[in-house]
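Single-structure report; data block below.
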Number of protein chains: 2
Amino acid sequence: MNIPSSPSFRPLYDQIKILITQSLIAGEWGPGDAIPSEIDLATRFKVSQGTVRKAIDELAAENIVIRRQGKGTFVASHSGERSSTRFLRISRDDGLAEYPQSDLLSVTRERAPENTAALLELRNGASIFCIKRLLSFEGKAQILDEIHVPAASFKGLDEHVIRAYTGSLYSFFESHFGIAMIRAEEHIKAVLAGPDEATHLKIAEGIPLLRIDRVAFTYGDRPVEWRRGLCHTNQFSYVTEMS
Amino acid sequence: MNIPSSPSFRPLYDQIKILITQSLIAGEWGPGDAIPSEIDLATRFKVSQGTVRKAIDELAAENIVIRRQGKGTFVASHSGERSSTRFLRISRDDGLAEYPQSDLLSVTRERAPENTAALLELRNGASIFCIKRLLSFEGKAQILDEIHVPAASFKGLDEHVIRAYTGSLYSFFESHFGIAMIRAEEHIKAVLAGPDEATHLKIAEGIPLLRIDRVAFTYGDRPVEWRRGLCHTNQFSYVTEMS
DNA sequence: TGTGTTATATCTTATATAAGTTATATGTTA
DNA sequence: TAACATATAACTTATATAAGATATAACACA
């Protein structure tokens, strides 16, 4: 029990939310799975259905779970048609965002420099994987990505397993490593294409690009990926909404 | 009443939400005002407090109203410390986002070209105001803005009234024209500084800039502003979050 | 192929208690 | 008396429970 007004006071529904999140962390239910019904959870946690409901409502608002009337509540996943573009904010100026073609350039194992280690909350020099890839829309290269993940959490990752997988990278992370990305922060700047970008994106040096830095988090706000994307925005835009 | 399963079926709380929104459109309560208490609204709309609560919950989630325990529920406003940076996604690489200094360059009355008219849902050639300004952080010019609003909704806008106002532009729009911005969509590209940008931002031509196109909406998803910002991202980033 | 059953989330109402805010009344003290 | 502190009351939203009706989906079975 919790004493109201005590410094550590949390409403019941918030405690339930934490308990559900802990089960997600523990892997009791994986991405795509149905979690127990509201009534079952209410029984399990010895609270009313309404309290469970409020907890699930908040998790649904954060896109951690998906509610489907009549079916149940499911752990959010990056697999599936709609989910694959959930974290992809680049779309064609004229129309809709289709998932791009991904071409793997390299997968290397490296030691995390200070900056990367700090962002991923690792110690300096921790082992990380660095994935380089090229995203193309309709055959035209648009985004050059450099993706860093802690090796400890992605054991067994190499070029072959990535190539063998068809689908988005986050969907791959889910199915092979049980790591679900639920939130990301991006910092965007405008930069000029250097020799490397020019080669891969088949553009001239000095063309302006978006440099999109992202830190992605899994359950419990644990950072598990840092990436830098260089994006050619000739016929594409980075789209976002605010309120 | 509403027949469930009919094509136009809306849950009660959603209908209440629409009614509250209509009162906002009608100006029954302006930005910063308290709306009636949940119990008062429940009486007025002849539904239970819980239903009103759910409607207000959603409006609060959309940042249309702000709930304050013990005080009441207030119409969201761009006035005030925290609110002024609500739509400002540019922040210093090292730290927090302070509200920048604004230097007005010009205010002109123009005829909306096709593109602008479409975005603002006006007829071609409709009268619009065009505001040009420069935003500076700590004395350093960073963003060159070109802002377009329909003249019909912003009667009496001119250089003098803008200059006379201290505070954010959206706060000004609220207090002088009763127009509250509640949502915005942005499309971002990387471009090169041209002569005009170079002059105002005090940079060389060819420096990469973010080009941020925004359409902002008021109650009922009515577009009332289109702006293009050109932003120098040497020491600043465009920051965004997704989930 | 239907048709009913069951399980799920969703919606609506009702009630009660907790907790934050403000104004007012009531002291208490200088 | 005047200034200040404290208690109380009245209002607000926030939290929690309960119960019933409805919408949607899946499945068993005739």
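Reminder, nothing fancy here: chain letters follow the sequence lines and each chain counts from 1.
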Is B/Asp57 salt-bridged to B/Arg67, going by a charged N under 4.0 Å from an acidic O? yes

Nearest-Å distance for atom pair CD1/P, residues A/Ile39 and C/dT8: 7 Å

Report the nucleotide, chosen from D/dA16, C/dT10, D/dT13, that has the shortest atom-to-atom distance to any side-chain atom of B/Ser37. D/dT13

Indicate whether OP1 or OP2 belonging to D/dT12 is found under 4.0 Å from a side-chain N or O atom of B/Thr73. no

Could you tell me how far apart A/Leu41 (CG) and D/dT17 (P) are, to the nearest whole angstrom? 14 Å

Atom pair distance, as rounded to whole Å: CZ in B/Arg68 and P in D/dT12: 16 Å

Are side-chain heavy atoms of B/Phe87 and B/His78 found at a separation under 4.5 Å? yes

Which residues within residues 50-62 of chain B lie with some heavy atom under 4.0 Å of an atom in DNA chain D? B/Arg53

Could you give the side-chain donor-acceptor pairs of residues 68-77 of chain B under 3.5 Å, partners two or more places apart or in another chain?
residue: B/Ser77; atom: OG; partner: B/Ser79; partner atom: N; Å: 2.9
residue: B/Ser77; atom: OG; partner: B/Ser79; partner atom: OG; Å: 3.3
residue: B/Ser77; atom: OG; partner: B/Glu174; partner atom: OE1; Å: 2.8

Are A/Glu138 and A/Arg92 ion-paired here, with the side-chain N under 4.0 Å from a carboxylate O? yes

What is the distance, rounded to the nearest whole Å, between atom CD1 of A/Ile16 and atom P of D/dA14? 20 Å

Taking atom C1' of C/dG20 as reference, at what distance in whole Å does atom CZ of B/Phe74 sit? 12 Å

Distance check needed: C/dA14 C1' versus B/Leu12 CG, whole Å only. 15 Å

Rounded to the nearest angstrom, tell me the gap between atom NZ in B/Lys17 and atom P in C/dT12. 13 Å

Just to confirm, is there a sub-4.0 Å distance from OP1 or OP2 of D/dT13 to any side-chain nitrogen or oxygen of B/Lys71? no

Looking at B/Ser48, does any N or O in its side chain come under 4.0 Å of the phosphate oxygens OP1/OP2 on C/dT12? no

Where the side chain of B/Glu38 is defined as all heavy atoms beyond and including C-beta, which of D/dT13, D/dT17, C/dA9 is the nearest nucleotide? D/dT13

Could you check A/Leu157 against A/Ile131 for side-chain contact (heavy atoms from CB on, under 4.5 Å), going step by step and ending with a plain yes or no? CA-CA 10 Å; A/Leu157 186 145; A/Ile131 302 165; 4.3 Å; yes

B/Arg222 and B/Ile25: side-chain contact (heavy atoms from CB on, under 4.5 Å), yes or no, with the steps? CA-CA 10 Å; B/Arg222 191 163 63 92; B/Ile25 294 173; over 6 Å; no

Distance in angstrom units between A/Tyr13 OH and D/dA16 P, rounded: 7 Å

Tell me what A/Gln49 touches on the nucleic acid: a base, only sugar-phosphate, or nothing, going by heavy atoms under 4.0 Å. base

